Q: 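The structure under discussion is supplied below as C-alpha cells; questions concerning it will follow.
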Amino acid sequence: MPANSCWYWRPKLSLSSGRTRMSFPGVDVNLLAIVILSRRKCGLSTCTTRYLVTMATADLLVIINDLILYRINCYYFLGSFLKITSVCSLIAVFISASTDCSVWFTVTFTFDRFVAICCQKLKTKYCTKKTATVVLATTCILLCLKNVPIYFVYEPVEIIANVAWLCYPIPSYFTEPGWVGFDWFDKVLSPLLPFASILFLNALTVRHILVASRVRRGLRCQSKTLNYSDPEMESRRKSVILLFTISGSFIILWLVYVIQFLYYIIAAKDPREYSDSEYIFQKVRSMLRNLNCCTNTFIYAATQSKFREQIKIAVTFPVTSIMKLKNKRNN
C-alpha cells in the first residue's frame, strides 16, 4: 500500500511567463527509452527489446500513478476528485499493480538472460518473441488480479454531501488473519521473492561464465593463435553487462526496503508506530524504490553504444529537420 504521507518528494518548479511548470524526469527518460527501443535499432534481439520496452512501460506507470496521481495530488490539488474514496482506492490498486509489474518484469528479464547465457539447448525455444509476449502478458494479468483486494482495504475519512472523501486503512487490515496473510503475501511477492530470485539467478550466471571462460581460455592456449578474437564471448560480455547493471541497480535501490521489512519482523514492531528516525528511513525507502523506475534508461545509455547513437539522433532530429527544410526551400 502507498504510504499515508508524501512529503519526501517535490516536483521541480520553475516560473515561466507567470505560470508554474512541473518537470518529471522519470516520465521523460522512460518515454525516451520506449521510443528508442521500439525502433529496434539498438542492436538488441527482438526478445530482449520486448522485455526492456515492457520494463520501461511499467516504470513509467509507477511514476504516473505513484508520483503524479498520488503524491503530487497531496501537494497541489487539495480538493481534487482524486481524493474521493473510490478514486484514491483505485489509485492505490494502480500503484501496487504497476510496482509489482516493474519488479517482476525485471525478474523475467533476468531469467531470460540466464537462459540465454547458461542454457544453450533451451535458448532456441525460450528466448523468442512469442515466449516473451506470453510470459510478460501472463505476469501482468496475474499481478493485476492479485492487487484487486487492495481496493477494499480503505475506508473514507469523512463524508461530505453524501460523497466519501480520503482513504484510510480499515482497522481490521492490521488484525484479521485474512488481511494479515494478504499483507505478508504482498510483501513476500514484492520484493522479497524477486530480490532472492535475482541474486540466485545472477550467482548461477556468474558461476557459468567463470567455468565457460576457463574452458575457452584453455582452448585458446592449445590453439596457440595470436590476436585471437572471440565473437561469441564479446556478444556474451555485452549481454552480461546489461544484465548485471539492471539487476544490480534493482538490488541496491530495493535493499533499504528489504532491510526495513526484516527490521520490523525481527523487532516485532507495529508498522503504524515509528520514531522520527524510522519515519525518515521509511521515506528514504520509498524514494529509492521510485528512483529504481528512473535508472534503466541511463543504464542503457552507459552500456549500449547504439542506444547512445539513437539518443543523439533523437536530440538532433529537430535541428536536422529544420536544416533539411531550409535546404529544400533554397533549392
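Values in this document were obtained by computation on a predicted structure and should not be read as measured data.
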Q: In the structure I gave you, are the side-chain heavy atoms of Val206 and Phe244 within less than 4.5 Å of one another anywhere?
A: yes
Q: Please round to the nearest 0.5 Å and tell me the distance separating atom CD1 of Ile251 and atom OG1 of Thr106.
A: 10.5 Å
Q: Please report the closest heavy-atom contact between Ser89 and Tyr154, naming both atoms and the distance.
A: OG-CB, 3.7 Å
Q: Answer yes or no: is there a donor N or O on one side and an acceptor on the other, between the side chain of Thr128 and the main chain of Thr124, under 3.5 Å?
A: no
Q: Kindly say whether Val53 contributes a backbone atom to a donor-acceptor pair with the side chain of Thr57 at under 3.5 angstrom?
A: yes
Q: Decide yes or no on side chain to side chain contact (heavy atoms under 4.5 Å, CB included) for Met55 and Ile246, but give the supporting numbers first.
A: CA-CA 11 Å; Met55 289 164 58; Ile246 291 177; 3.8 Å; yes
Q: At their closest point, which heavy atom of Asp59 faces which heavy atom of Cys293, and how far apart are they?
A: CB-O, 3.4 Å
Q: Would you say the side-chain atoms of Asn65 pair up with the backbone N or O of Leu61, donor to acceptor, closer than 3.5 Å?
A: yes
Q: Classify the ring geometry between Trp179 and Tyr173 as parallel (under 30°), tilted (30 to 60°) or perpendicular (over 60°).
A: tilted
Q: Quick one, Phe105 with Cys140, criterion side chain to side chain contact (heavy atoms under 4.5 Å, CB included). Give me CA distance, side-chain angles, the key distance, then yes/no.
A: CA-CA 9 Å; Phe105 288 165; Cys140 181; 4.1 Å; yes
Q: Which value, rounded to the nearest 0.5 Å, describes the distance between Leu142 atom CG and Thr138 atom OG1?
A: 6.5 Å
Q: For a side chain to side chain contact (heavy atoms under 4.5 Å, CB included) check, start with the C-alpha distance between Cys42 and Ile36, then their side-chain angles and the critical distance, and finish with the verdict.
A: CA-CA 8 Å; Cys42 297; Ile36 291 178; 3.7 Å; yes
Q: Once rounded to the nearest 0.5 Å, what's the spacing between atom CG of Leu37 and atom OG1 of Thr49?
A: 6.5 Å
Q: Would you find a donor on one side and an acceptor on the other, under 3.5 Å apart, between the side chain of Asn292 and the backbone of Leu288?
A: no
Q: Within this structure, what is the CG-NZ distance for the pair Leu122 and Lys125, rounded to the nearest 0.5 Å?
A: 8.0 Å
Q: I'd like to know if the side chain of Asn296 reaches the main chain of Ala56, judged simply by a donor and an acceptor atom lying under 3.5 Å from each other, with no hydrogens or angles considered.
A: no
Q: Using ring pair (Phe, Tyr, Trp, His ring centres under 6.0 Å), reason through Trp104 and Phe111 one step at a time and then give a plain yes or no.
A: CA-CA 10 Å; Trp104 277 97; Phe111 183 75; over 10 Å; no
Q: If the plane angle is over 60° it's perpendicular, under 30° parallel, otherwise tilted; pick one for Tyr300 and Phe307.
A: perpendicular
Q: Without swapping roles, check the side chain of Thr85 against the backbone of Leu166 for a donor-acceptor pair under 3.5 Å.
A: yes
Q: What are the two closest non-hydrogen atoms of Lys123 and Ala116, and how far apart are they?
A: CD-O, 3.6 Å
Q: With a 3.5 Å distance limit and no angle check, can you tell me whether Thr245 reaches the backbone of Leu242 through a side-chain donor-acceptor pair?
A: yes
Q: To the closest 0.5 Å, what do you measure between CD1 (Ile241) and CD (Gln304)?
A: 8.5 Å
Q: Less than 3.5 Å apart, any donor N or O on the side chain of Ser249 or Thr295 sitting next to an acceptor on the other?
A: yes
Q: Kindly determine whether Trp165 and Ile84 satisfy side chain to side chain contact (heavy atoms under 4.5 Å, CB included), including the steps that lead there.
A: CA-CA 4 Å; Trp165 290 87; Ile84 296 175; 3.9 Å; yes
Q: In Å and rounded to the nearest 0.5 Å, what is the OG1 to CG distance from Thr110 to Leu201?
A: 6.5 Å
Q: Counting C-beta onward and ignoring hydrogens, is there a side-chain heavy-atom pair between Leu82 and Cys88 closer than 4.5 Å?
A: no
Q: Under the disulfide (SG to SG under 2.5 Å) criterion, do Cys101 and Cys144 qualify, and how do the steps go?
A: CA-CA 8 Å; Cys101 287; Cys144 289; 4.9 Å; no
Q: Hey, does Leu143 have a side-chain heavy atom less than 4.5 Å from the side chain of Leu189?
A: yes
Q: Do Val107 and Phe250 come within less than 4.5 Å of each other through their side chains, counting heavy atoms only?
A: no
Q: Where the side chain of Ser96 meets the backbone of Val93, is there a donor-acceptor pair that is under 3.5 Å apart?
A: no
Q: Specify the closest pair of heavy atoms between Lys41 and Lys306, including all atoms of both residues, with the distance to one decimal.
A: O-CB, 4.1 Å
Q: Taking Arg50's backbone N and O only, do any of them form a donor-acceptor pair with Thr54's side chain (distance below 3.5 Å, no angle check)?
A: yes
